[in-house]
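Notes to accompany the following structure.
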Amino acid sequence: MKRLQTETKLPKFRSIPVQVYLFPEHTRSPYFRWAKNILFPEHVRSLLEISCFVISTFRSIPVHGLPLFIFRSISVHSHVQSYLCGFIIYQQNKGNMAGKPASMSRIKQVLQLSENGVSNRQIAKDLDINKETVNNYVRFFGNDPLSLKEVLKMEDPELEARFRAGNPAYTDYRHQTFLDELPGFKTSLRHKHVTRFLVWQDYISKHPDGYRKSQFFHHLKQQLEASTPTTVLSDTYVPGEKLYVDFAGDTLEYVNTETGEIIKVQVFVACLPYTDYAFALCIPSQRVEDFLYAISKCMEAIGGVPKILVTDNLKSAVIKADRYEPKLNKALEDMGNHYRFVTIPCRPYSPTHKALVENQVKIIYIRVYAKLRNTTFYSLEDLNEAVSQKMLEHNQTRMQQRPYSREEQFFAVEKNTLSPLPEQLYEMKLTCDLQVRNDGFVYLARDKHYYSVPFVHIGKCSHVIYTRTLVKVFVNNELVATHERRLGFGHTHKKEHLASNSNAILSRSPEYYQEKADRHSTVFKQLVVDMFLDLEQRQIPPEFKYKTCDYMLSIGRKTPIADFEQACRIAIQNRSYSGKFLQNVISNLSVVKSQSESENRINPEPTNHENMRGNSYYE
């Protein structure tokens with residue numbers, strides 16, 4: 001630095017360095033390197049900044065300067081800062097990555113300047129591009145049959161494909177070998193537990209000079225994706241044309257308040273593809289009647305009927321799946337005839353045919369399942385009410401990349417395109433023939449439930465028609481019983497269907513015995529009331545004295561009313577509520593009464609004494 005300061009008054013020069021090493025290349029130190037982050041241009045660096053003795057020599061005209069440097073120079077009258085010009089340019093161009101390809105717009109500028117007669121060196125200087133790169137572009141354009149006007153009209157991707165076409169993989173001999181083996185790769189990947197790595201190991205053992213693992217995976221992925229193209233149908237949907245339906249894979253649950261059992265329910269999901277308007281409902285199962293009930297509720301919720309119903313290949317919808325002509329469930333066909341829609345199941349193993357409803361299931365997991373995870377429900381109705389509220393929030397949420405919600409678009413565009421609902425909602429009917437059992441019930445095996453029939457029809461054959469909500473029993477083409485349908489094991493009966501003895505057993509209660517005692521005697525009723533009151537105070541179930549009441553009623557029917565009432569009074573006074581006690585009291589009263597009658601009885605005097613000898617006989 002001191003050396004530079006002492007020569008500030010001398011004229012300085014901008015020089016072009018020509019570096020010549022003093023020693024041949026094979027004698028240089030392996031540690032030779034240029035220092036980084038230098039302050040001065042290369043031609044004025046100190047010899048002390050390198051790790052071996054090197055002299056930088058310049059092709060030059062003799063000039064005034066440092067003794068160790070020789071320059072071919074152009075006189076530049078400036079201050080010492082002129083030596084820093086190279087460093088400033090270096091800092092300005094520091095961000096340009098070496099080897100980064102030029103943009104197509106820059107190439108068009110190169111061609112236009114070349115066409116206007118500007119030299120390649122000047123183009124490189126003006127556009128800040130390497131001169132050799134400019135030479136290559138100009139040379140390539142000179143060999144191209146297209147004119148400059150045609151080239152300038154081309155889009156950037158087309159021009160890039162022309163100037164930088166690259167080396168396609170199919171020119172490599174290994175690619176043809178790979179394509180020949182591709183069918184075998186696909187067959188192997190269909191086997192269970194076979195991975196791409198195992199396939200590559202087999203390939204490389206057979207072709208040691210073949211693709212390495214990364215290239216093999218790359219080409220295999222491209223071929224597999226190209227063999228299974230997909231079609232996006234987002235712009236082909238017609239308002240009010242289709243309704244996609246499906247069941248969520250995960251279930252929801254509620255607690256049975258009577259048994260405490262956790263009941264899992266299926267979640268039915270549907271959506272209209274044009275507006276993505278969604279509907280969800282919890283139902284007990286995926287059986288036909290529940291499935292059709294969910295569809296009817298969905299159409300009732302959206303306020304109309306679409307032209308096409310797209311379902312999965314579940315048994316409730318499709319009896320036999322087929323790629324071209326699937327066999328539909330007759331109940332679903334009947335429902336379609338009632339609502340005037342047709343059913344088109346998606347192809348087997350192809351859920352992408354109803355991708356929107358599959359996506360709705362994923363969204364419902366987040367916006368319904370997750371938000372209800374900490375809530376406990378105690379009935380299916382409460383659960384459906386909560387799900388309905390969350391679905392309303394979901395439909396009213398603004399969609400991403402769209403300035404409106406599903407509900408807004410549905411009511412604005414699709415609601416009026418739906419067909420009107422029929423006046424009477426559809427309810428599927430199922431039939432079966434059952435024999436009335438000796439206990440007066442028919443057993444519906446589908447529900448594992450018993451339903452009562454009037455006892456006069458015991459042993460007869462009945463025809464049962466049942467829907468999702470009702471069970472009707474016909475005997476001799478006459479409706480004899482109607483019940484609300486119930487699922488799960490149990491008995492459903494009506495009092496008028498049972499025989500008198502069965503009703504008597506089922507209708508027993510404290511009130512029942514009090515009423516019967518009142519018909520017999522007021523005192524007897526008081527005894528029965530006191531007896532059940534005593535049981536209540538002792539916290540004993542009233543059924544404990546039902547047989548005692550039956551015994552007392554039997555005693556009352558066999559005993560004179562006066563003696564029975566007197567015995568009841570004695571039992572009330574002694575607070576003894578036992579049939580044996582009452583029987584003993586009545587027996588004792590009978591003995592006392594017979595004794596008193598014998599004491600008060602006068603012996604009759606005979607009127608005929610012929611059988612008597614008299615006093616004279618013994619004289």
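Looking at Glu333 and Asn329, their side chains never bring a donor and an acceptor atom within 3.5 Å of each other. Glu414 and Thr275 form a side-chain donor-acceptor contact under 3.5 Å, judged by distance and modelled atom types alone. Between the side chains of His219 and Gln215, at least one donor N or O lies within less than 3.5 Å of an accepting N or O. If you check the side chains of Ser379 and Asp382, you find a donor sitting under 3.5 Å from an acceptor. A donor-acceptor contact under 3.5 angstrom links the side chains of His394 and Arg367, judged on distance only. There is no side-chain donor-acceptor pair under 3.5 Å between Ser462 and His457. At a cut-off of 3.5 Å, with distance as the only test, no side-chain donor of Gln424 or His338 sits close to an acceptor on the other residue.
Distance alone, capped at 3.5 Å, places no donor-acceptor pair between the Asn359 side chain and the Ala355 backbone. Side chain of Ser114 to backbone of Val110: no donor-acceptor contact under 3.5 angstrom is found. Using modelled atom types, one side-chain atom of Ser452 and one backbone atom of Lys494 make a donor-acceptor pair closer than 3.5 Å. A donor-acceptor contact shorter than 3.5 Å links the side chain of His449 to the backbone of Gly488. With hydrogens and angles ignored, the 3.5 Å screen pairs a side-chain donor or acceptor of Tyr339 with a backbone N or O of Tyr426. Judged by distance alone, the side chain of Asp312 and the main-chain N or O of Leu314 form no donor-acceptor pair under 3.5 Å. In terms of modelled atom types and a separation under 3.5 Å, the side chain of Trp200 and the main chain of Thr195 share no donor-acceptor contact. Between the Asn313 side chain and the Cys346 main chain, a donor and an acceptor come within less than 3.5 Å of each other. Formation of a donor-acceptor pair under 3.5 Å by the Ser188 side chain with backbone atoms of Gly184 is found in this model. A donor-acceptor contact shorter than 3.5 Å links the side chain of Arg373 to the backbone of Ala370.
Between the OG1 atom in Thr431 and the CD1 atom in Ile465 there is a gap of 6.5 Å [rounded to 0.5 Å]. Going from atom CZ of Phe341 over to atom NZ of Lys242 covers 15.0 Å, rounded to the nearest 0.5 Å. The CG atom of Asp290 sits 3.5 Å away from atom OG of Ser285, with the distance rounded to the nearest 0.5 Å. For the atom pair Asp334 CG and Leu328 CG, the distance stands at 11.0 Å (nearest 0.5 Å). With rounding to the nearest 0.5 Å, the separation of OG in Ser405 from CG in Asp276 is 11.5 Å. Distance check, rounded to the nearest 0.5 Å: CG of Leu430 to CZ of Arg287 gives 9.5 Å.
Under the 30°/60° scheme for interplanar angles, the aromatic rings of Tyr244 and Tyr237 are found to stand perpendicular.
Contact check for Asn143 versus Phe141: no side-chain heavy atoms found under the 4.5 Å cut-off. Here the side chains of Arg406 and Cys271 are not in contact, with every heavy-atom distance at 4.5 Å or above. Between Leu189 and Leu220, the closest side-chain pair of non-hydrogen atoms falls below 4.5 Å. Looking at heavy atoms from C-beta onward, Tyr211 lies out of side-chain contact with His218 at the 4.5 angstrom threshold. For the pair His207/Arg174, no side-chain contact is recorded, criterion being any heavy-atom separation below 4.5 Å from C-beta on. Within the 4.5 Å cutoff, the side chain of Met299 has heavy atoms near those of the Leu421 side chain.
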Q) So Phe247 and Val267, side chain to side chain contact (heavy atoms under 4.5 Å, CB included) or not? Walk me through it. A) CA-CA 6 Å; Phe247 280 97; Val267 180; over 6 Å; no
Q | Criterion ring-ring contact (aromatic ring centres under 6.0 Å, His included) on Tyr203 and Phe216, from CA distance to verdict | A | CA-CA 9 Å; Tyr203 162 78; Phe216 179 84; 5.0 Å; yes
Q: Determine, stepwise, if the pair Glu385 / Phe377 fulfils side chain to side chain contact (heavy atoms under 4.5 Å, CB included).
A: CA-CA 10 Å; Glu385 184 178 353; Phe377 301 95; over 6 Å; no
(Q) Quick one, Tyr450 with Leu444, criterion side chain to side chain contact (heavy atoms under 4.5 Å, CB included). Give me CA distance, side-chain angles, the key distance, then yes/no. (A) CA-CA 6 Å; Tyr450 295 88; Leu444 191 59; over 6 Å; no
Q.
Set out, in order, the CA-CA distance, both residues' side-chain angles and the distance that settles side chain to side chain contact (heavy atoms under 4.5 Å, CB included) for Ile302 and Phe410, then state yes or no.
A. CA-CA 9 Å; Ile302 64 178; Phe410 169 72; 4.1 Å; yes
Q: Take Phe455 and Phe441 through the ring-ring contact (aromatic ring centres under 6.0 Å, His included) test and state the conclusion after the steps.
A: CA-CA 8 Å; Phe455 70 96; Phe441 287 83; over 10 Å; no
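A salt bridge is absent between Glu150 and Lys153; no separation between the charged side-chain nitrogens and carboxylate oxygens falls under 4.0 Å. A salt bridge does not link Asp447 with Arg486: none of the charged nitrogens is closer than 4.0 Å to a carboxylate oxygen. The pair Glu289-Arg446 counts as a salt bridge, with a side-chain nitrogen and a carboxylate oxygen less than 4.0 angstrom apart. A salt bridge is defined here as a Lys NZ or Arg NE, NH1 or NH2 lying under 4.0 Å from an Asp or Glu carboxylate O, and Glu253 with Lys264 meets this definition.
Residue-environment remark: CG (Leu479) exceeds the threshold of 12 foreign heavy atoms within 6.0 Å. Enclosure of atom NZ in Lys460 by more than 12 non-hydrogen atoms of other residues, nucleotides or ligands within 6.0 angstrom is indicated. Atom CG of Asn476 sits in a sparse spot, with 12 or fewer heavy atoms from other residues, nucleotides or ligands closer than 6.0 Å. In this structure, Gln396 places its CD atom where more than 12 heavy-atom neighbours from other residues, nucleotides or ligands lie under 6.0 Å away. Around atom CG of Asn438, no more than 12 heavy atoms belonging to other residues, nucleotides or ligands sit under 6.0 Å away.
Phe217 carries Arg196 over the face of its six-membered ring, with the cationic atom under 6.0 Å from the centre and within 45° of the normal.
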